[in-house]
Amino acid sequence: MLTRPDTTVVAARPDRRPTAIVIGGGFGGLAAAVRLGARGYRVTVLEKLDAPGGRAYVFRQDGFTFDGGPTIITAPFLFEELWTLCGKRMSDDVLLEPVSPFYRIRFDDGAVFAYSGDPDDMRAEVARFSPADVPGYERFMGLSEELCRKAFEELGDAPFSRFSDMVRVAPELLRLQGLRSVYGIVSKYIKDPRLRIVFSFHPLLIGGSPFSASAVYGLIPYLERRWGVHFARGGTGALVDGLVKLIRGQGGTIVFDADVAEILVRDGAATGVRLTTGETVDADIVVSNADAATTYHELLPETVSRKWSKQKVEKARHSMGLFVWYFGTKRRYEDVGHHTIMLGPRYKQLLKDIFARKRLANDFSMYLHRPTKADPSLAPQGCDAFYVLSPTPNLASGIDWRREAEPYRRTIEKRLSETLLPGLDKEIITSRMMTPLDFKTRLRAFQGSGFSLEPILTQSAWFRPHNQSENVKNLFLVGAGTHPGAGVPGVLSSARILDKIAPDASCFV
Ligand SMILES: Cc1cc2nc3c(=O)[nH]c(=O)nc-3n(C[C@H](O)[C@H](O)[C@H](O)COP(=O)(O)OP(=O)(O)OC[C@H]3O[C@@H](n4cnc5c(N)ncnc54)[C@H](O)[C@@H]3O)c2cc1C
């Protein structure tokens, strides 16, 4: 019953909308919630942590704001669509600003490649490193465009539920050299060893090694050029907050500190979830944004048979781990760009250490984020907020991060002091770390991987866990471990697929 101030008593209309539970409030889960809400579902997001975002969780400490994960925002139309679905304009809530250059790629000898979306500037940068490679670079970008049109624009939100879906696209993917690795195709077109790195490192942004990720992921350079690289004013957390506002505006609910222990299944269909507290929540459909590997390994009842059996999950290749160090300095480093990729002395062998040998090397490559270049409000006045991310082996390596984290951090600090951030050790006033162990315990990431299943051909499209469970009716999956894969555009696209496969809300009335 609703009671109005004039004391007239009005019977509230019962909410007859079908119900959807979304497990996890990462970008995939939040986007799924908005889409289901727009389609008439009453949505409840159950999030294990005390705040939304998942990998995009925001840490606030000592006056600094640190975006926990994604910082490079590409394909912004995928976000704008979500606001449009709610009859709103994204620009009223979040301001996206283009970043240029996209990144500065710094080689171990100090040489820097300014990587941008401007074709003339890029041609000039390529020529500065190797004039003979300009025509090959142009041909590579032609292939990247074709890959982007096919694999991202056409197939990125296509459900690969049936094997025939894969068979249908296979000839085209073969024509586009999908059997090769990203490094393989780049090397076909570009000869200079440093340029080969510049145009092949992108799979690392989605959890893959350039030497084993399918050439299909060579689509990223064109995707970045086509839609740009953006920064959300206030940090990526502004996008998370914006989506939460949309969900609440639709009448959806987000419950924090709600750790799902089990997806409830009756007569072959998902009927709700049980939390670790023992509480159960019923729903007409369940969407898991929890790690796909963990969903199949831990969240389904033992009695439910599944294509992704425990053994299959254990044998699968999981992406690398990430060591992330967030720190604030009491001075500003004005010469440091917004996004810097700092390469170490080794490339192929370092990647072998990370992905194949699974050992923690003494050298490293890293990504340095300085959001306070664009938005000083993320740190106290006169200070800089940073994070540095270094790819490492995942937990299958057996690395004991309780012991290794601090020495590893110190080595990174020393390298940064010697290069881009002189005197760093004296300037740090706040600091925190995330290791693969935190990815496992905080986010329930299988083997503590940074990006869920590794993006190799045999774990892509139909070969990846499907967006619609093959075995359990009314169970759907979104997020990095399902099709099309990791990265913000990938997980937003996985939620887009729900529009094609989740039942219409009217089916339940
Ligand atoms: C450090 C870092 C930097 C990155 N940088 C970029 C970038 O610049 N650009 C880009 O595009 N991508 C980037 N990525 C990748 C991108 O962030 C991820 O692929 C994407 O955000 C993953 O979203 P998701 O929805 O799949 O899952 P997540 O963000 O992992 O969210 C899953 C959520 O589910 C919750 N959960 C798990 N299990 C349960 C359970 N049982 N019950 C309840 N809740 C549960 C977790 O707590 C989590 O909140 C980065 C990733 C990392 C880690």
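Whatever order the structure lists ligands and atoms in, that order sets their numbers, starting from 1.
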The test is salt bridge (Lys or Arg N to Asp or Glu O under 4.0 Å); show your working for Asp93 and Lys88 and say whether it passes. CA-CA 9 Å; Asp93 291 324; Lys88 296 188 187 317; over 6 Å; no

The test is side-chain hydrogen bond (donor to acceptor under 3.5 Å, both in side chains); show your working for His202 and Tyr217 and say whether it passes. CA-CA 8 Å; His202 293 84; Tyr217 298 98; over 6 Å; no

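Of the N or O atoms in Asp291, none lie within a sub-3.5 Å distance of an N or O in ligand 1. The distance criterion of under 3.5 Å between nitrogen or oxygen atoms is met by Gly28 with respect to ligand 1. Between Val260 and ligand 1, at least one pair of N/O atoms sits closer than 3.5 Å. Checking only distances, Val488 does come within under 3.5 Å of ligand 1, N or O to N or O. When only interatomic distances are considered, the shortest N/O to N/O separation between Asn289 and ligand 1 falls below 3.5 Å.
For ligand 1 and Ile23, the ligand atoms under 4.0 Å from any heavy atom of the residue are 40 (C), 42 (N), 43 (C). Interface atoms of ligand 1 facing Arg444, defined by a heavy-atom separation under 4.0 Å, are 38 (N), 41 (N). Distances below 4.0 Å separate heavy atoms of Asp259 from the following atoms of ligand 1: 40 (C), 41 (N), 42 (N). Close approach of ligand 1 to Gly53 is summarised as follows: ligand atoms under 4.0 Å from at least one heavy atom of the residue are 29 (O). Residue Ala486 has at least one heavy-atom neighbour below 4.0 Å for each of these atoms of ligand 1: 19 (O). Taking every non-hydrogen atom of Gly54 and a distance limit under 4.0 Å, the qualifying atoms of ligand 1 come out as 29 (O), 31 (O), 48 (C), 49 (O). Near Pro489, the atoms of ligand 1 lying under 4.0 angstrom from a non-hydrogen atom of the residue are 11 (O). Taking a cut-off of under 4.0 Å to the non-hydrogen atoms of Ile72, the atoms of ligand 1 that pass are 7 (C), 8 (O), 9 (N), 10 (C), 11 (O).
In this structure, atom 39 (C) of ligand 1 lies nearest to the protein heavy atom Ala290 CB, 4.0 Å. Among all protein heavy atoms, the one lying closest to atom 34 (O) of ligand 1 is Gly24 CA, 3.3 Å. Residue, atom and distance of the protein heavy atom nearest to atom 44 (N) of ligand 1 are Lys48 N, 3.1 Å. For atom 14 (N) of ligand 1, the closest heavy atom belonging to the protein is Phe451 CE2, 3.8 Å. Here the protein heavy atom with the shortest distance to atom 18 (C) of ligand 1 is Gly487 N, 4.0 Å. At the shortest separation from atom 26 (O) of ligand 1 among protein heavy atoms lies Ala480 N, 2.8 Å. Residue, atom and distance of the protein heavy atom nearest to atom 37 (C) of ligand 1 are Leu443 O, 3.5 Å. Closest to atom 28 (P) of ligand 1, if we only count protein heavy atoms, is Arg55 N, 3.7 Å.
By the criterion of a heavy-atom distance under 4.0 Å, the side chain of Phe439, and not its backbone, is placed next to ligand 1. Counting heavy atoms closer than 4.0 Å to ligand 1, residue Val491 contributes side-chain atoms (C-beta onward) but none from N, CA, C or O.
One finds a salt bridge joining Arg370 and Asp384 here, because a Lys/Arg side-chain nitrogen approaches an Asp/Glu carboxylate oxygen to under 4.0 Å. Salt-bridge check for Glu406 with Arg409: passed, with a basic side-chain N closer than 4.0 Å to an acidic carboxylate O. Classification of Arg226 and Glu145 as a salt-bridged pair fails, no side-chain N sitting under 4.0 Å from a carboxylate O. Salt bridge present: Asp259 and Arg444 bring a charged side-chain N and a carboxylate O closer than 4.0 Å. Using a cutoff of 4.0 Å between basic side-chain nitrogens and carboxylate oxygens, Glu97 and Arg233 are scored as salt-bridged. The pair Glu454-Arg464 does not count as a salt bridge, with every side-chain nitrogen at least 4.0 angstrom from each carboxylate oxygen.
Relative to the six-membered ring of Tyr387, Arg432 misses at least one condition, a distance below 6.0 Å or an angle of at most 45° to the axis.
For the pair Asn289 (side chain) and Val22 (backbone), a donor-acceptor distance under 3.5 Å is absent. A donor-acceptor contact shorter than 3.5 Å links the side chain of Ser365 to the backbone of Gly344.
In this structure, Tyr367 falls outside the shell of residues with a heavy atom less than 4.0 angstrom from ligand 1. Using a 4.0 angstrom heavy-atom cutoff, Ala31 does not count as in contact with ligand 1. Under a 4.0 Å heavy-atom criterion, Gly68 is in contact with ligand 1. The closest approach between a heavy atom of Tyr387 and any atom of ligand 1 is below 4.0 Å. Not a single heavy atom of Pro52 sits under 4.0 Å from any atom of ligand 1.
None of Val286, Leu300, Thr271 except one satisfies the side-chain contact (heavy atoms from CB on, under 4.5 Å) rule with Val265; the exception is Leu300.
Nearest to atom 52 (C) of ligand 1 by heavy atom, out of Leu46, Leu322, Leu49, is Leu322. Distances from atom 43 (C) of ligand 1 to the heavy atoms of Ala258, Ala495, Ser319, Gly481 put Ala258 nearest.
Few gaps surround NZ on Lys500; more than 12 heavy atoms of other groups in view lie less than 6.0 Å from it. Counting non-hydrogen atoms of neighbouring residues, nucleotides and ligands closer than 6.0 angstrom, the NZ atom of Lys473 reaches no more than 12 such neighbours.
Trp227 and Phe152 have their aromatic ring centers within a separation under 6.0 angstrom. Aromatic ring centres of Phe446 and Phe439: separated by at least 6.0 Å.
Looking only at side-chain heavy atoms (C-beta outward), Phe79 and Met90 come within less than 4.5 Å of each other.
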